[in-house]
*Asks:* 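The structure is given below, and queries will be raised subsequently.
Lettering follows sequence order; numbering is per chain, from 1.
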Amino acid sequence: MKKTSATEIHRFEVLEYVATVPTGKVTTYGRIAKDLLLPTPRLVGKILHTNPDSNTYPCHRVVFSDGKLAPSYAFGGAEIQRKKLIKEGVLFKKEKVDLKKCLY
DNA sequence: CTCTTGACCATGT
DNA sequence: AACATGGCCAAGA
């Protein structure tokens, strides 16, 4: 019998959700939390930080509600994340993602 | 069991 | 629009 914490289960849900975001689009932490009925958006970040693989689950497509990038991207930092998003075709406004067009 | 920290968000200045 | 503060809930020490 395994100790299944609430977030432990939601972890897969969040990762799956992120995996459904098409290339060139992004989503926000709050959006995920709301759709998956998480108690708080902070958990989304916590879960994503325990992300097993950025290649399997494009966690770089998750941004702040304002379009700002995460302060501590697990695979190199926000700058790496930004570069990846631009590379995938996501439009940027200064340091923020253009949610107006790229929000999934 | 208590305290601290954390990939956030909404509101106020 | 940018920066600072409070509140939210859970996991780790």
*Asks:* Whole angstrom is fine here: how far is it from CG in A/Leu43 over to C1' in B/dC9?
*Replies:*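 Spelled out: CG on A/Leu43 to C1' on B/dC9 is 13 Å.
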*Asks:* Looking at A/Thr27, A/Val14, A/Thr28, which hits side chain to side chain contact (heavy atoms under 4.5 Å, CB included) with A/Val44?
*Replies:*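 It is A/Val14; the other options fail the test.
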*Asks:* Between A/Ser65 and B/dA10, is there a contact of a side-chain N or O with OP1 or OP2 at under 4.0 Å?
*Replies:*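 Yes, because at least one side-chain N or O of A/Ser65 sits under 4.0 Å from OP1 or OP2 of B/dA10.
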*Asks:* OP1, OP2 of C/dA11 versus side-chain N and O of A/Thr7: anything below 4.0 Å?
*Replies:*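 So the side-chain polar atoms of A/Thr7 do come within 4.0 Å of the phosphate oxygens OP1 or OP2 of C/dA11, strictly under.
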*Asks:* Within a reach of under 6.0 Å around CD of A/Glu8, are more than 12 heavy atoms found that belong to other residues, nucleotides or ligands?
*Replies:*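 More than 12 heavy atoms, drawn from other residues, nucleotides or ligands, come within 6.0 Å of this atom.
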*Asks:* Between C/dA2, C/dC9, C/dA11, which one does the side chain of A/Pro39 approach most closely?
*Replies:*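 Of the options given, the side chain of A/Pro39 lies nearest C/dC9.
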*Asks:* Please determine, for the side chain of A/Arg42, which listed nucleotide (B/dG6, C/dA11, B/dA7) has the closest atom?
*Replies:*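 That would be B/dG6.
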*Asks:* Which nucleotide, B/dC9, B/dG6, B/dA7, lies nearest any side-chain atom of A/His49?
*Replies:*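 Minimum distance to the A/His49 side chain belongs to B/dA7.
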*Asks:* Are A/Leu38 and A/Tyr17 connected in the hydrophobic side-chain network, where two residues link if heavy atoms are under 4.5 Å apart?
*Replies:*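 In one cluster with A/Leu38: A/Tyr17, yes.
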*Asks:* Let me know the distance between CZ of A/Arg11 and P of C/dA10, rounded to the nearest Å.
*Replies:*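 Those two atoms, CZ and P, are 16 Å apart.
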*Asks:* In whole Å, what is the span from the CD1 atom of A/Ile47 to the P atom of C/dC8?
*Replies:*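 About 20 Å, once rounded to whole Å.
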*Asks:* Does a side chain donor of either A/Arg61 or A/Thr23 reach within less than 3.5 Å of an acceptor in the other side chain?
*Replies:*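 Yes, a side-chain donor-acceptor pair sits under 3.5 Å.
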*Asks:* From the options B/dA7, C/dA11, B/dC8, select the nucleotide whose nearest atom is closest to the side chain of A/Lys46.
*Replies:*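 For A/Lys46, the side-chain atoms sit closest to C/dA11.
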*Asks:* Just the rounded figure in Å: distance from C1' of C/dG7 to CG of A/Leu38.
*Replies:*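 To the nearest whole Å, that distance equals 17 Å.
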*Asks:* When you look at A/Tyr29 and A/Leu48, which way does the side chain to side chain contact (heavy atoms under 4.5 Å, CB included) test go after all the steps?
*Replies:* CA-CA 10 Å; A/Tyr29 294 94; A/Leu48 286 183; 3.8 Å; yes
*Asks:* What is the distance, rounded to the nearest whole Å, between atom CD of A/Glu95 and atom P of B/dA7?
*Replies:*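 Result: 19 Å.
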*Asks:* Can you tell me the distance, in whole Å, between the NZ atom of A/Lys34 and the P atom of B/dC9?
*Replies:*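 Atom-to-atom, A/Lys34 to B/dC9, this comes out as 13 Å.
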*Asks:* A/Lys68 side chain N/O closer than 4.0 Å to the phosphate oxygens (OP1, OP2) of B/dA7?
*Replies:*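 No, A/Lys68 has no side-chain N/O under 4.0 Å of OP1/OP2 on B/dA7.
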*Asks:* Tell me: CG of A/Leu99 to P of B/dC9, nearest whole Å?
*Replies:*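 Rounding to the nearest Å, CG of A/Leu99 and P of B/dC9 are 10 Å apart.
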*Asks:* Figure out the CZ/C1' separation between A/Phe64 and B/dC9, and round it to whole Å.
*Replies:*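 Rounding to the nearest Å, CZ of A/Phe64 and C1' of B/dC9 are 9 Å apart.
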*Asks:* Hey, is the side chain of A/Tyr29 pairing donor to acceptor with the base of B/dA7 inside 3.5 Å?
*Replies:*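 Indeed, a donor on one side and an acceptor on the other fall under 3.5 Å apart.
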*Asks:* Looking at B/dG6, C/dC9, B/dA7, which one has an atom nearest to any side-chain atom of A/Pro71?
*Replies:*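 Selected nucleotide (nearest to the side chain): B/dA7.
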*Asks:* Side chain of A/Pro41, heavy atoms from C-beta onward: which of C/dC8, B/dA7, B/dC9 has the nearest atom to it?
*Replies:*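 The nucleotide sitting nearest to the side chain is B/dC9.
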